[in-house]
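The block underneath contains the structure these notes are about, expressed in structure tokens.
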Amino acid sequence: MISSMTGFGQCTVESDAATVVVEVKSVNSRFCEVSVRGPRSLSEKEIEVQNMVKQVVARGRVGVNIQVESAAGTGIDIKINRQAAKMYRDALTTLVEELAPGDTVRLEHLLRFPDVIEKSEAGADVEAEWPLVETALAKALAGLTEMRKQEGEALRKDLLERLAAIEKSLSVLNERAPQRIEDARKKLTERLTILLDEQRVDRDRLEFEIALMADKLDVNEESVRLTSHIQLFREALASEEPVGRKLNFISQEINREINTIGSKSNDTELAHLVVGMKEELEKIREQVENIQ
């Protein structure tokens, strides 16, 4: 079953020690990119979080947001670094005396320096919090995966319908192609007969020219290859493996065959069929960009 690259998952896990909330979002990307936001106390676990994500996500830009609240409160301690504040005050006072005599250094000026106020996560127990985060992340990823599969199923149905539309146009084109060659043969014969006396028409030369023309107009090889590519596309859609890149490559091959058929279509009806096939293929290629 194919999967979309967009999805969302969330889970909350509670214990006597803490409450953990994990949210996971994913959007389209050529590769698997994982960004993690969470408490500083869990920064050493970032690689483990990324590895958990990559076990279930092959492609997509994934954002993981982790919130941890201890049972005792926020777990944040605020300390004033008085030594740093005094050093900044002295430095600013010297600067004011040199550049702006009469001005004063106020407390608000000192508080703009980040190391004057120090925040720390008091009492953060990583070993106690991590199992909760791990459980919440696993469940959030399961929700993300389920949503991606649901969207993938909708994409699969849409793609199959568009493939069927291309095949229908190809079938009509194949039925029309032989008659088109016969029509061209008649037109060429009629023109030569009008321009030349019938006795002067070289029949061997005429048949040779008709054979060349028929070869240029024949789309049988392209039709066979196009049918094969469509079948390969269907098989990929049924795969359990990530197939986004493969489908993109097959779409390029389908486009190549349709373009060649179009270049050989000197018939208005066939040209219209080719335009319709190109429209369906363009929608297919847009959808493939969403597939993992």
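Counting begins at 1 with the first residue of the sequence.
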Inset, instruction - Check the pair Met5 / Asn290 against side-chain contact (heavy atoms from CB on, under 4.5 Å), numbers first and verdict last. - result: CA-CA 6 Å; Met5 281 193 282; Asn290 298 318; 5.7 Å; no
Inset, instruction - Assess whether side-chain contact (heavy atoms from CB on, under 4.5 Å) is satisfied between Val36 and Val53, documenting all intermediate values. - result: CA-CA 10 Å; Val36 182; Val53 173; over 6 Å; no
Legend entry - Stepwise side-chain contact (heavy atoms from CB on, under 4.5 Å) check, Leu155 with Leu237: CA-CA 10 Å; Leu155 289 172; Leu237 286 177; over 6 Å; no
Inset, instruction - With salt bridge (charged side-chain N to carboxylate O under 4.0 Å, His left out) as the test, would you mind laying out the steps for Glu153 and Arg156 before giving the verdict? - result: CA-CA 5 Å; Glu153 177 61 16; Arg156 186 185 70 85; 2.8 Å; yes
Legend entry - Verdict with supporting geometry, Leu173 and Val274, side-chain contact (heavy atoms from CB on, under 4.5 Å): CA-CA 9 Å; Leu173 187 145; Val274 170; 4.1 Å; yes
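To the nearest 0.5 Å, atom CZ of residue Arg37 and atom CD1 of residue Ile66 are 11.0 Å apart. Atom-to-atom distance recorded for Ile250:CD1 and Ile230:CD1 is 11.0 Å, nearest 0.5 angstrom. To the nearest 0.5 angstrom, Leu92 atom CG is 11.0 Å from Leu99 atom CG. Going from atom CD of Gln55 over to atom CG of Asn51 covers 7.0 Å, rounded to the nearest 0.5 Å. The distance from atom CD of Glu282 to atom CD1 of Ile258, rounded to the nearest 0.5 Å, is 11.0 Å. Separation of atoms CG (Leu159) and CZ (Arg162) is listed at 8.0 Å; rounding is to 0.5 Å.
Residue-environment remark: NE2 (His272) stays at or below the threshold of 12 foreign heavy atoms within 6.0 Å. Heavy-atom neighbours of Glu221 CD from other residues, nucleotides or ligands within 6.0 Å: at or below the threshold of 12. More than 12 heavy atoms of other residues, nucleotides or ligands sit less than 6.0 Å from atom CD of Glu108. The 12-atom threshold is not exceeded at CZ of Arg30, counting heavy atoms of other residues, nucleotides or ligands nearer than 6.0 Å.
In this structure, the side chain of Thr93 engages the main chain of Arg89 through a donor-acceptor pair within 3.5 Å. At distances below 3.5 Å, at least one donor-acceptor pair connects side-chain atoms of Ser15 with backbone N or O atoms of Ala18. Counting only distance, with no hydrogens or angles, the side chain of Arg59 and the backbone of Phe31 share no donor-acceptor pair below 3.5 Å. Side chain of Asn259 to main chain of Asn255: a donor-acceptor pair is present (N/O by atom type, distance under 3.5 Å, no hydrogens or angles). A side-chain donor-acceptor contact under 3.5 Å links Gln292 to the backbone of Ala58.
The existence of a salt bridge linking Asp90 and Lys86 is excluded, since no basic side-chain nitrogen approaches an acidic carboxylate oxygen closer than 4.0 Å. A salt bridge links Glu253 to Arg256: at least one charged side-chain nitrogen sits closer than 4.0 Å to a carboxylate oxygen. The residues Glu146 and Lys149 are annotated as not salt-bridged, no charged nitrogen and carboxylate oxygen being separated by less than 4.0 angstrom. Using a cutoff of 4.0 Å between basic side-chain nitrogens and carboxylate oxygens, Glu167 and Arg234 are scored as salt-bridged.
When all heavy atoms are compared, the tightest approach of Lys25 to Phe8 is CG-CD1, 3.4 Å. Considering every non-hydrogen atom in both Asn28 and Arg61, the closest pair reads O-NH1, 3.7 Å. The two residues Met52 and Ala138 come nearest to each other via the heavy atoms CE-N, 4.0 Å. Across all non-hydrogen atoms, the minimal contact from Val22 to Ala140 is O-CB, 3.9 Å. When all heavy atoms of Glu289 and Asn248 are compared, the closest pair comes out as OE2-OD1, 3.5 Å. When all heavy atoms of Val96 and Asp103 are compared, the pair lying nearest together is CG1-O, 3.3 Å.
Counting Ile, Leu, Val, Met, Phe, Trp and Tyr side chains that sit under 4.5 Å apart, directly or through other members, Phe249 stands alone, with no cluster partners.
Proximity of Ile166 to Phe233: side-chain heavy atoms (C-beta onward) are nowhere separated by under 4.5 Å. Here the side chains of Glu129 and Val20 are not in contact, with every heavy-atom distance at 4.5 Å or above. Considering only heavy atoms from C-beta on, Asp115 comes within 4.5 Å of Tyr88 through its side chain. With contacts defined as side-chain heavy-atom distances shorter than 4.5 Å, the pair Leu144/Ser26 qualifies. The closest side-chain heavy-atom distance from Met87 to Gln83 is below 4.5 Å. With contacts defined as side-chain heavy-atom distances shorter than 4.5 Å, the pair Thr19/Val13 does not qualify. Ile261 has its side chain within reach of Leu170: a pair of non-hydrogen atoms, C-beta onward, lies under 4.5 Å apart.
Looking at Lys264, Arg225, Lys278 one by one, the single match for salt bridge (charged side-chain N to carboxylate O under 4.0 Å, His left out) with Glu257 turns out to be Arg225.
Placement of Val172 and Met277 within a single hydrophobic cluster is found when ILVMFWY residues are connected by side-chain heavy-atom separations under 4.5 Å, directly or transitively. Val275 and Ile254 are members of different hydrophobic clusters when ILVMFWY side chains are connected at heavy-atom separations under 4.5 Å. Cluster annotation: Leu110 and Ile117 are assigned to the same hydrophobic cluster (Ile/Leu/Val/Met/Phe/Trp/Tyr, side-chain heavy-atom contacts under 4.5 Å, transitive).
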